[in-house]
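First up is the structure itself, then whatever we jot down about it.
Computed over heavy atoms, backbone and side chain alike; hydrogens, waters and symmetry mates excluded.
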There are 2 protein chains.
Amino acid sequence: MDLRTAADTGTKARTRRAILDAAVTVLTADPAASLGDIAAAAGVGRTTVHRYFPERADLTTALQQMGWEHVVQATRRARLTEGTGADGLDRLCQEYFELGNVLMLVFNYSAPDGDVTWDCDPDSQSVLDLITRGHRDGSIDSTLTGPWIRDILWALLYAAWQQSRTGVASRHQALDSCLRALHKVVAP
Amino acid sequence: MDLRTAADTGTKARTRRAILDAAVTVLTADPAASLGDIAAAAGVGRTTVHRYFPERADLTTALQQMGWEHVVQATRRARLTEGTGADGLDRLCQEYFELGNVLMLVFNYSAPDGDVTWDCDPDSQSVLDLITRGHRDGSIDSTLTGPWIRDILWALLYAAWQQSRTGVASRHQALDSCLRALHKVVAP
DNA sequence: CGATAGTGGAACATCGATGTTCCACAGCGG
DNA sequence: CCGCTGTGGAACATCGATGTTCCACTATCG
């Protein structure tokens, strides 16, 4: 017998995923949305939400964890150890941009819930290492500290996503603007 | 007889101001804080808060209005019509940075309450005009649109204030980093 | 001194979100 | 077919925030 039951990849997993996905969408639009709103958006009953996440905190915790897993995977896909530091940063920006709403949620949930800023997560160090490599190979301005560049990256991504979300620019235009701004900032 | 009673500049004005100031501090830290928290931070009773702002919405409206007034005044102080476009943007960044928490509040309250983004306020046009002038006088990269540069400005300010607020950098260092990043982005 | 403005606090009603319980229904495999 | 699993919905209790009312206290000014 398996520790995880067979249903773990079946109906239950799908329902859980639907709730989490809906939560990302709804909570991004309104961080104070009720569980009923989330249930409605997920197309399930409020009871079902409570079945999967007994308390609201359980849901937000799961959301935060899922969000960070996405960020970690995106960081991995960016292959930070290949090419120059600036190249890696470029790929990282593109991967993060693809995360969309998940990114905004992780961004916003860092402060209010717990002060678990993005300093303490496992992949943050690899980003700082990337920047250090960029400092050494001359592709990143050495006068800009690692944490500051990382924060600029997130800030630019936030602004770019706002642009795309509000229809000021298309998704592609927003990403393009973001990448160019990042290039100019980190260039020595 | 005055339309505004004499007390308008006396005790009542001071109490009102204390409540608004406390609200800025508290709501910046936790946007979902209760009126009791705000009253305690202001050093007044919860009843008094209700006397000045009968409903929560009245308080948030007043906050938003006060915030925008500060922004407008800061924009005026930056004397956007003097010097090159880039110079004006530089001064604007410094003035906005000085607004501190008020800035963060205006920034955060743009989306959740009403969709009154910073496009519709009176001073926004003068900022866009400034950028257009920078495009013409060659001090600002013409391939970057006005709205995008304005959003970058806000995003960088947000990131810089986070740095200073979390103690990663001093206030002065944060502003310096912010200004240098802005310079590099807008440079043609 | 006496009136008035401004305030604080207690008490209360209300409302929405939350969390729990229970029951009914549908699908699916043995 | 029967039982199990997953679900939806109704009903209920609870809790915290909100908004209101009322009364007492203090300081200031005429």
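Contact annotation: B:Thr48 side-chain N/O to C:dT7 OP1/OP2 distance is not under 4.0 Å.
Residue contacts shown for B:Ser34 are limited to sugar-phosphate atoms, with no base heavy atom under 4.0 Å away. As judged by a 4.0 angstrom heavy-atom cut-off over every strand, A:Tyr52 is placed among residues touching the sugar-phosphate backbone only.
Residue A:Ile19 contributes atom CD1, which lies 12 Å from atom C1' of D:dG6 at whole-angstrom precision. Regarding A:His50, its NE2 atom lies at a distance of 9 Å from the C1' atom of C:dA17, rounded to whole Å. A:Phe53 has its CZ atom 15 Å from the P atom of D:dG6, to the nearest Å. Between the CZ atom of B:Arg51 and the C1' atom of C:dA5 there is a distance of 10 Å, given to the nearest Å. The CZ-C1' distance, from B:Arg56 to D:dT18, rounds to 9 Å in whole Å. Note: CG (B:Leu35) to P (D:dT18) measures 4 Å, nearest angstrom. Distance B:Leu59 CG to D:dG19 C1': 14 Å, rounded to the nearest Å. Between the CD atom of B:Glu55 and the C1' atom of D:dA17 there is a distance of 13 Å, rounded to whole Å.
Between A:Phe97 and A:Trp161, the ring-plane angle classifies as tilted under the 30° and 60° cut-offs.
Counting only N and O atoms by type, the side chains of B:Gln162 and A:Asp151 include no donor and acceptor under 3.5 Å apart. Of the N and O atoms on the side chains of A:Thr132 and A:Asp129, not one donor lies less than 3.5 Å from an acceptor on the other residue. Donor-acceptor pairing under 3.5 Å is lacking for the side chains of A:Thr61 and A:Asp58.
Map A:Thr47 and B:Arg46 each onto its nearest nucleotide of DNA chain C; the residue landing nearer the 5' end is B:Arg46.
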